[in-house]
2 protein chains.
Amino acid sequence: MFDPMCPSSVLPFRIGDKWTGMVVRCLEQGPRRFGELRGPLRGVTSKVLSETLRAMERDGLIRRIAYPENPPRVEYDLTPLGRSLLPLLDAARAWSREHLPELLRARQAYDAD
Amino acid sequence: MFDPMCPSSVLPFRIGDKWTGMVVRCLEQGPRRFGELRGPLRGVTSKVLSETLRAMERDGLIRRIAYPENPPRVEYDLTPLGRSLLPLLDAARAWSREHLPELLRARQAYDAD
DNA sequence: CAGGATCCCATCTGATACTG
DNA sequence: CAGTATCAGATGGGATCCTG
């Protein structure tokens, strides 16, 4: 999941910052902990992930729930507003399936000159 | 059109680089010249615009047609691939209309603390 | 475990000046 | 007119180390 070589890096559109769209996908099925997000989001550092999550919380896309335990446990969950992005992500995914190969071909042809 | 204060700057998604989506919109109704793009895209410098256009041409989103005249005249036109992005832009616009106020409210509430 | 602090570099973007 | 060249600032993203 979210292999760094995945074609999403060449998509001509993006949801939020680099990792925002992937976070939405990761939370699609339910709440996840900080550490559970670091797995699928291969290569993200804790700094960048926490920044991403804070920005998303600020925009009301996710909710942060900290349990007063020790060791600490924190869960992130999509808000309805965050869920409203899912159709857009789906549309982007559909576009890719249908048109990304053509974009890549065009790029190759252009670079061939 | 494309006022720098326009809310698109806070959208949680983006098409390509900063100006790509706007270029697609500008070309929606037909081919436009380099100088005709600089008007609506307020604040873009010729350097950035030419870079954007070259990247889009590379990806097969637009076609560049240079007329061998003097003074030079160049037109840019959306390819079918470029046009295929329009539904995505529409979806983004629809999302904004429906959800952007909520996002901004969440942001304000967050910043109030 | 869930992060904060620091440092650093690449990229993006813009300002300004210049050219065929 | 349609760019290119050069420079500079801002931003994003990552590496590394540290802590309640």
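Residue numbering restarts at 1 for every chain, and letters A, B, ... go by the order of the sequence lines.
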Compile the donor-acceptor pairs under 3.5 Å between side chains in residues 26-39 of chain B and protein atoms, sequence neighbours left out, one pair per line.
residue : atom : partner : partner atom : Å
B:Glu28 : OE1  : B:Arg25 : NH1          : 3.1
B:Glu36 : OE1  : B:Arg33 : N            : 2.6

Sugar-phosphate only, base, or nothing, as touched by A:Arg38 at under 4.0 Å among non-hydrogen atoms: nothing
Earlier contact from the 5' end, DNA chain D, for B:Ser46 and A:Glu51: B:Ser46
Sugar-phosphate, base or nothing in reach of A:Arg54, heavy atoms under 4.0 Å: sugar-phosphate
B:Tyr76 OH to D:dA2 P, straight-line distance once rounded to whole Å: 8 Å
Result of checking B:Leu86, B:Leu88, B:Leu61 against B:Val24 for side-chain contact (heavy atoms from CB on, under 4.5 Å): B:Leu86
Any B:Pro12 side-chain heavy atom under 4.5 Å of B:Leu103 side chain: yes
Separation of atom CZ in B:Arg14 from atom P in C:dT11, rounded to whole Å: 16 Å
Closest to the B:Arg64 side chain, choosing from C:dG14, C:dC1, D:dG3: D:dG3
side-chain N/O B:Arg33 vs D:dA2 OP1/OP2, d < 4.0 Å: yes
Between P of D:dC1 and CG of B:Asn70, the distance in whole Å: 12 Å
Sugar-phosphate only, base, or nothing, as touched by A:Val74 at under 4.0 Å among non-hydrogen atoms: sugar-phosphate
Sugar-phosphate only, base, or nothing, as touched by A:Tyr67 at under 4.0 Å among non-hydrogen atoms: nothing
Atom pair distance, as rounded to whole Å: CZ in B:Arg73 and P in D:dG3: 13 Å
For atom CZ of A:Arg32 and atom C1' of C:dG3, their distance in whole Å: 20 Å
Whole angstrom value for the distance that separates P of D:dG3 from CD of B:Glu75: 12 Å
Give every donor-acceptor pair under 3.5 Å between a side-chain atom in residues 64-76 of chain A and any protein atom, sequence neighbours left out.
residue : atom : partner : partner atom : Å
A:Arg64 : NE   : A:Tyr76 : OH           : 3.4
A:Tyr67 : OH   : A:Glu75 : OE1          : 3.3
A:Glu69 : OE1  : A:Arg73 : NE           : 3.4
A:Glu69 : OE2  : A:Arg73 : NH2          : 3.2

A:Thr79 (side chain) donor-acceptor with A:Gly60 (main chain) under 3.5 angstrom: yes
Nucleotide of C:dC1, C:dG14, D:dA15 approaching A:Pro72 most closely (side-chain heavy atoms): C:dC1
hbond_proxy B:Lys47 side chain to C:dG14 base (donor-acceptor, 3.5 Å cutoff): yes
Euclidean distance, atom CZ of residue B:Phe34 to atom C1' of C:dG20 [Å, nearest integer]: 15 Å
Sugar-phosphate, base or nothing in reach of A:Ser50, heavy atoms under 4.0 Å: sugar-phosphate
Gap between atoms CD1 and P, on A:Ile62 and C:dA2 respectively (whole Å): 14 Å
